[in-house]
Amino acid sequence: MPGEHAPASMVVLADANNFFASCETVFHPELAGKPVVVLSNNDGCVVARSNEAKQLGIINGTPWFMIREAAERDHVIARSSNYELYGSLSRRMMSVLSTFLPGQEVYSIDECFMRSPWDGERTRQICLAMRRTVLQGIGIPVSVGVAPTKTLAKITNHWAKRHERSHGVTLWHDLAQSDGGAGILASIPIEDIWGVGRRLAKRLRGIGIRQAAQLRDSDPVAMRRRFSVQLERTILELNGFPCIYDDDHAGGNTRNTELLCSRMFGEPVQGEDHIVQAVSVYAQYACRRLQRQHSLCTTVSAFCSSGNVHTGIPSAAHGSMTLPDPSDDPVIIAAAARTALHGSIIPSVRYARAGVLLTGLIDADAFHTLPTLGANSDPGLSSVLEQVNRRFGPMRVGIGCAAGIRGEGRASEEVGARWAMKRNMLSQRCTTRWEEMPVVHAN
DNA sequence: TCTGGGGTCCTAGGACCC
DNA sequence: TCTGGGGTCCTAGGACCC
């Protein structure tokens with residue numbers, strides 16, 4: 001496989017700055033220059049911050065309730081996470097980026113790898129133009145790192161974000177000779193390396209490896225034996241030998257191998273009825289994603305658990321069902337999820353979250369059966385659901401919604417059940433909902 | 001009172017087979 | 001008392017990522 005990749009080309013990593021916070025600013029320019037934080041579902045904890053919020057010392061992952069008072073004193077603006085908006089802006093951004101360089105591999109909602117077949121200077125000019133275009137056309141600032149390997153591109157990108165003079169674009173070549181020739185790796189702690197998490201960093205420090213340069217200079221074979229094959233790859237990548245590949249980025253559309261839909265409840269709930277409702281709804285969300293990627297699943301798992309240890313004895317229930325035939329039918333899959341949990345829910349427990357996991361995913365085209373031998377649901381019901389959802393929007397009707405869980409909220413696709421998520425500071429979904437489109441006034 | 005959600009890859013160990 | 005060698009497949013759990 002390595003042979004298939006052109007060795008001469010450089011890895012280009014484009015990564016949006018403070019992506020969620022930047023998205024909130026696109027349609028609310030008055031937020032620019034102000035401290036903005038974006039909160040996780042249920043407005044639980046901070047998941048993104050503008051530069052100004054970072055300067056106030058707000059750390060990612062901090063529970064909102066713990067810093068709320070201080071943040072409000074500092075005039076921090078908080079938003080519930082609006083994934084519909086972020087997803088939409090992400091698709092636009094990726095689309096623009098892909099017109100500048102080949103080999104795009106969308107790595108996450110806010111970053112993608114690309115390849116440049118050009119030399120350093122030409123690559124730099126292309127990346128500067130790419131950055132300007134995205135900023136002007138989408139309104140999102142991105143930083144770009146260019147390096148021989150993905151691991152080094154991550155480091156280079158990180159540097160570009162922090163140093164104004166780079167104008168958002170940095171080449172590994174520029175950094176390799178810094179610090180009097182020792183290179184920038186001598187000043188980077190190991191936990192800042194892509195692929196080295198907290199646990200591994202602790203173990204590495206235990207054997208005296210503290211900086212990236214020390215890891216780069218360690219023996220990859222010995223480290224593989226002692227730790228893992230991933231760490232060996234990281235070491236090789238730090239030395240400039242690419243060995244982390246994306247297997248199937250052809251078309252940029254990779255398929256998931258499993259799909260999970262899980263949520264914390266807005267408030268803990270008790271009793272099988274509520275859990276079954278939630279699990280039915282999550283199963284339908286998961287099915288939409290399954291159908292979108294044109295897959296069928298073979299196994300359906302469902303789980304629920306009580307949350308906070310302080311509010312009761314921790315308790316969890318889970319179960320799974322193998323389907324008689326691979327399916328993407330919400331009727332079948334929601335029923336399987338309910339069956340998987342049936343009997344294991346304890347009536348006295350207050351559950352805080354639940355979820356549905358679809359595994360054993362296969363390509364829908366790879367599975368054929370005669371219509372009469374297919375899965376034993378009423379085909380009419382599924383197709384009616386599909387047609388209604390297509391015409392009137394997702395989740396207007398659905399399974400498990402009969403028990404009065406359609407709420408009053410503005411969001412048509414959200415259920416109004418007691419257990420539904422809290423998102424009290426949600427911005428408008430300007431790019432995906434007609435009724436939430438921004439209005440511009442000209443004087 | 002209140003701490004997210006959705007993934008991937010790798011490894012070890014068990015079941016099973018010849 | 002002694003108890004092969006090698007392989008595959010599956011699953012659970014750890015670790016990491018954004």
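In what follows, every chain begins at residue 1, and chains take the letters A, B, ... in the order their sequences are listed.
- The environment of CZ in A/R205 is crowded: more than 12 heavy-atom neighbours from other residues, nucleotides or ligands sit within 6.0 Å.
- Distance from the side chain of A/Y107 is smallest for C/dC18 among the nucleotides B/dG4, C/dC18, C/dC16.
- Here the P atom of nucleotide C/dC17 and the CG atom of A/N157 are 15 Å apart, to the nearest Å.
- Checking B/dG6, C/dC17, B/dC2 against the side-chain heavy atoms of A/R263 singles out B/dG6 as nearest.
- In this structure, A/L200 reaches the sugar-phosphate backbone alone: every heavy-atom distance under 4.0 Å involves primed, P, OP1 or OP2 atoms, never a base.
- Residue A/N256 places at least one side-chain N or O under 4.0 Å from the OP1 or OP2 atom of B/dT8.
- Separating the CD1 atom of A/I67 from the C1' atom of B/dC2 is a distance of 13 Å, rounded to the nearest angstrom.
- Looking at heavy-atom distances under 4.0 Å, A/T62 makes no contact with the nucleic acid at all.
- For residues 50-90 of chain A, every residue pair satisfying the ring-ring contact (aromatic ring centres under 6.0 Å, His included) rule, not counting sequence neighbours, is listed here: A/F20-A/Y83, A/F20-A/Y86, A/Y83-A/Y86.
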Practice problem: Applying salt bridge (charged side-chain N to carboxylate O under 4.0 Å, His left out), run through A/R68 and A/D43 and close with a yes or a no. | Solution: CA-CA 11 Å; A/R68 181 176 181 164; A/D43 298 336; over 6 Å; no
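- The residue A/R68 sits apart from the nucleic acid: no heavy atom pair falls under 4.0 Å.
- Nucleotides B/dC17 and C/dG4 place their C1' atoms 14 Å apart, quoted to the nearest Å.
- With a 4.5 Å cut-off on side-chain heavy atoms, A/F265 and A/I275 count as touching.
- Using a 4.0 Å heavy-atom distance criterion, A/D43 is classed as making no nucleic acid contact.
- Going from atom OH of A/Y86 over to atom P of B/dG4 covers 17 Å, rounded to whole Å.
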N/O contacts under 3.5 Å, protein versus nucleotides 10-14 of chain B?
| unit_1 | atom_1 | unit_2 | atom_2 | d |
| --- | --- | --- | --- | --- |
| B/dC10 | OP1 | A/R233 | NH1 | 2.8 |
| B/dC10 | OP1 | A/R233 | NH2 | 3.4 |

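- A/S22 contributes atom OG, which lies 5.0 Å from atom CD1 of A/I140 (distance to the nearest 0.5 angstrom).
- Distance CZ (A/F265) to C1' (B/dG4): 14 Å, rounded to an integer number of Å.
- The side-chain contact (heavy atoms from CB on, under 4.5 Å) check on A/H28 picks up A/E30, A/L31, with sequence neighbours excluded.
- The distance between atom CZ of A/R199 and atom P of C/dA15, rounded to the nearest whole Å, is 4 Å.
- Atom CG in A/D363 sits 8.0 Å away from atom CG in A/L296 (nearest 0.5 Å).
- Among the atoms of the strands shown, base atoms are found under 4.0 Å from some heavy atom of A/E258.
- Using a 4.0 Å heavy-atom distance criterion, A/W64 is classed as making no nucleic acid contact.
- Atom CE of A/M264 is separated from atom P of B/dC2 by 9 Å (rounded to the nearest Å).
- Distance A/M66 CE to B/dT3 P: 11 Å, rounded to the nearest Å.
- The listed nucleotides are B/dT8, C/dC18, B/dG4; the one nearest the side chain of A/N41 is B/dG4.
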Practice problem: Decide side-chain contact (heavy atoms from CB on, under 4.5 Å) for A/R353 and A/S262; before the verdict, give the C-alpha distance in whole Å, the side-chain angles of both, and the deciding distance to 0.1 Å. | Solution: CA-CA 7 Å; A/R353 80 177 301 128; A/S262 80; 3.1 Å; yes
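- By the ring-ring contact (aromatic ring centres under 6.0 Å, His included) test, A/H163 pairs with A/W159, sequence neighbours left out.
- Applying the ring-ring contact (aromatic ring centres under 6.0 Å, His included) test to every pair with at least one member in residues 185-204 of chain A, sequence neighbours left out, gives these pairs: A/Y107-A/W194, A/F113-A/W194.
- Under a 4.0 Å N-O distance rule, the pair A/K154/A/E237 does not qualify as a salt bridge.
- Nearest-nucleotide positions on DNA chain B place A/C45 closer to the 5' end than the other of A/L357 and A/C45.
- The nearest whole Å value for the distance from the CD1 atom in A/I244 to the C1' atom in B/dT8 is 13 Å.
- Helical stems in DNA chain C, defined as runs of 3 or more consecutive Watson-Crick or G-U wobble pairs with both donor-acceptor distances under 3.5 Å, are listed by first residue as B:5-18 with C:5-18.
- Residue A/I109 is classed as having no contact, given no heavy-atom separation below 4.0 Å to the nucleic acid.
- At least one side-chain nitrogen or oxygen of A/K154 sits closer than 4.0 Å to the OP1 or OP2 atom of C/dC18.
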